[in-house]
Amino acid sequence: KTIHNATPFGANLDAELMQSLLVPYSNGVSVLLPPPHPAAAEAFSTEFLQKIITTLKSLADFIIIDTAVSYDARTLALIDPADQVLVFTMPEISVVSNTETFLQLANDLEILNRISIVINRVNSSTGLTEEQIRRKFGKLVVGTIRSDGLTVVQAVNLGEPFVTSRPKSAVAQDVMALAEYLVSGKIIEPSTFAEASGANRTGFYLVLFFVVIALIVVGAILYFNFVA
């Protein structure tokens, strides 16, 4: 069951069919899997993707999409209705430059107010410092993820998110703090994320799960907060 199974239905796609395509995970999280072959996604029209989002809105309070790093029509069609867009950057000049290019595009599209930046691998020993990146992007930076290749690779090999297999690791704490921010709107220290109040816990686990996935590829996360 993947998103590809929805393509024959087009405009007739409804909530019942969409529910049958979602793969349940845990803590109220479900996943709409990508097509088995990347080339199949080339056939997805912007109208089809927008229909997917509209249908999912009737099934979930939170919708998160891990996008490609390109700025093609399909990606922009997904960005348009998003409540928040998370852009992951890294302490490398080329990546930061690409992030600046995207921010210019976001400004042209008048969606800059929905953009937030996360610095991935913030403690890398080479490249730019966290301070340099924060000076460049200012208040757009809402979180950082410390580099911990061993923990991440082990989690991928075991098929278990590191936030459950190694919840006390630095990278897990950073991801949990970021998920809490997306749900509650509060920027907090990773060590105190569990003390934040007023968060929707189902939403927290949903955001947490997809932030972990998104760390595999540096790109953007589109965050929807639709209350059914």
Side-chain angles (χ1 to χ4, degrees), residues 64-71 79 82 84-107 112-158 160-196 199 203-223:
I64 299 178
I65 302 175
D66 183 13
T67 75
V69 296
S70 62
Y71 310 144
I79 288 177
Q84 293 189 51
V85 180
L86 272 190
V87 180
F88 282 73
T89 192
M90 292 196 301
E92 300 175 10
I93 292 177
S94 60
V95 180
V96 169
S97 177
N98 288 338
T99 303
E100 287 185 293
T101 300
F102 177 75
L103 293 181
Q104 292 170 2
L105 174 62
N107 185 60
L112 190 59
N113 62 318
R114 289 184 272 146
I115 303 293
S116 298
I117 292 176
V118 179
I119 309 173
N120 194 18
R121 302 183 65 184
V122 67
N123 59 331
S124 297
S125 57
T126 59
L128 302 173
T129 65
E130 177 182 351
E131 182 182 358
Q132 288 175 312
I133 298 175
R134 285 185 178 275
R135 279 204 305 265
K136 180 171 290 292
F137 297 125
K139 293 182 178 180
L140 288 178
V141 178
V142 299
T144 60
I145 307 293
R146 282 166 285 185
S147 182
D148 189 351
L150 180 60
T151 295
V152 174
V153 170
Q154 286 179 339
V156 171
N157 290 338
L158 293 173
E160 181 180 1
F162 53 75
V163 291
T164 55
S165 62
R166 293 195 60 191
K168 294 183 179 180
S169 64
V171 65
Q173 293 286 311
D174 290 344
V175 168
M176 290 177 186
L178 179 58
E180 193 70 63
Y181 161 74
L182 286 174
V183 174
S184 68
K186 300 175 182 177
I187 299 179
I188 54 180
E189 292 299 321
S191 60
T192 60
F193 80 92
E195 300 172 6
F204 170 78
Y205 285 114
L206 172 61
V207 174
L208 179 61
F209 178 76
F210 280 100
V211 169
V212 171
I213 292 176
L215 291 178
I216 305 303
V217 178
V218 177
I221 297 180
L222 312 183
Y223 173 69

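Inter-residue side-chain proximity for Ile115 and Phe102 is flagged as met; some heavy-atom pair is nearer than 4.5 Å. Two residues are said to be in side-chain contact when any heavy atoms from C-beta on lie closer than 4.5 Å; Leu86 and Val142 meet this criterion. Residues Ile133 and Ile117 have side chains not in contact (no heavy-atom distance under 4.5 Å, counting atoms from C-beta outward). Looking at heavy atoms from C-beta onward, Val171 lies out of side-chain contact with Arg146 at the 4.5 angstrom threshold. Looking at Gln132 and Pro91, their side chains never come closer than 4.5 Å, going by heavy atoms from C-beta outward.
In terms of modelled atom types and a separation under 3.5 Å, the side chain of Ser97 and the main chain of Ile93 share no donor-acceptor contact. Of the possible donor and acceptor atoms, none in the side chain of Glu92 sits under 3.5 Å from a partner among the backbone N and O of Leu128. With hydrogens and angles ignored, the 3.5 Å screen pairs a side-chain donor or acceptor of Arg114 with a backbone N or O of Ala82. Listed for the Asn123 side chain is a donor-acceptor partner under 3.5 Å among the backbone atoms of Ser147.
The two residues Lys168 and Gln173 come nearest to each other via the heavy atoms CA-NE2, 3.9 Å. Across Lys136 and Val96, no two heavy atoms sit closer than the pair CD-CG1, 3.5 Å. The heavy-atom pair separating Thr144 from Glu130 by the smallest distance is CG2-OE2, 3.7 Å. In this structure, Gln84 and Ser116 approach most closely via the heavy-atom pair OE1-OG, 4.3 Å.
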Test Ile119 against Phe137 for side chain to side chain contact (heavy atoms under 4.5 Å, CB included), laying out the working first. CA-CA 10 Å; Ile119 309 173; Phe137 297 125; over 6 Å; no
Going through the distances and angles, do Phe162 and Asp148 end up as a side chain to side chain contact (heavy atoms under 4.5 Å, CB included)? CA-CA 10 Å; Phe162 53 75; Asp148 189 351; over 6 Å; no
Side chain to side chain contact (heavy atoms under 4.5 Å, CB included) assessment of Leu140 paired with Leu103: CA-CA 10 Å; Leu140 288 178; Leu103 293 181; 4.0 Å; yes
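Considering OG1 of Thr89 and CD of Glu100, their distance stands at 9.0 Å, rounded to 0.5 Å.
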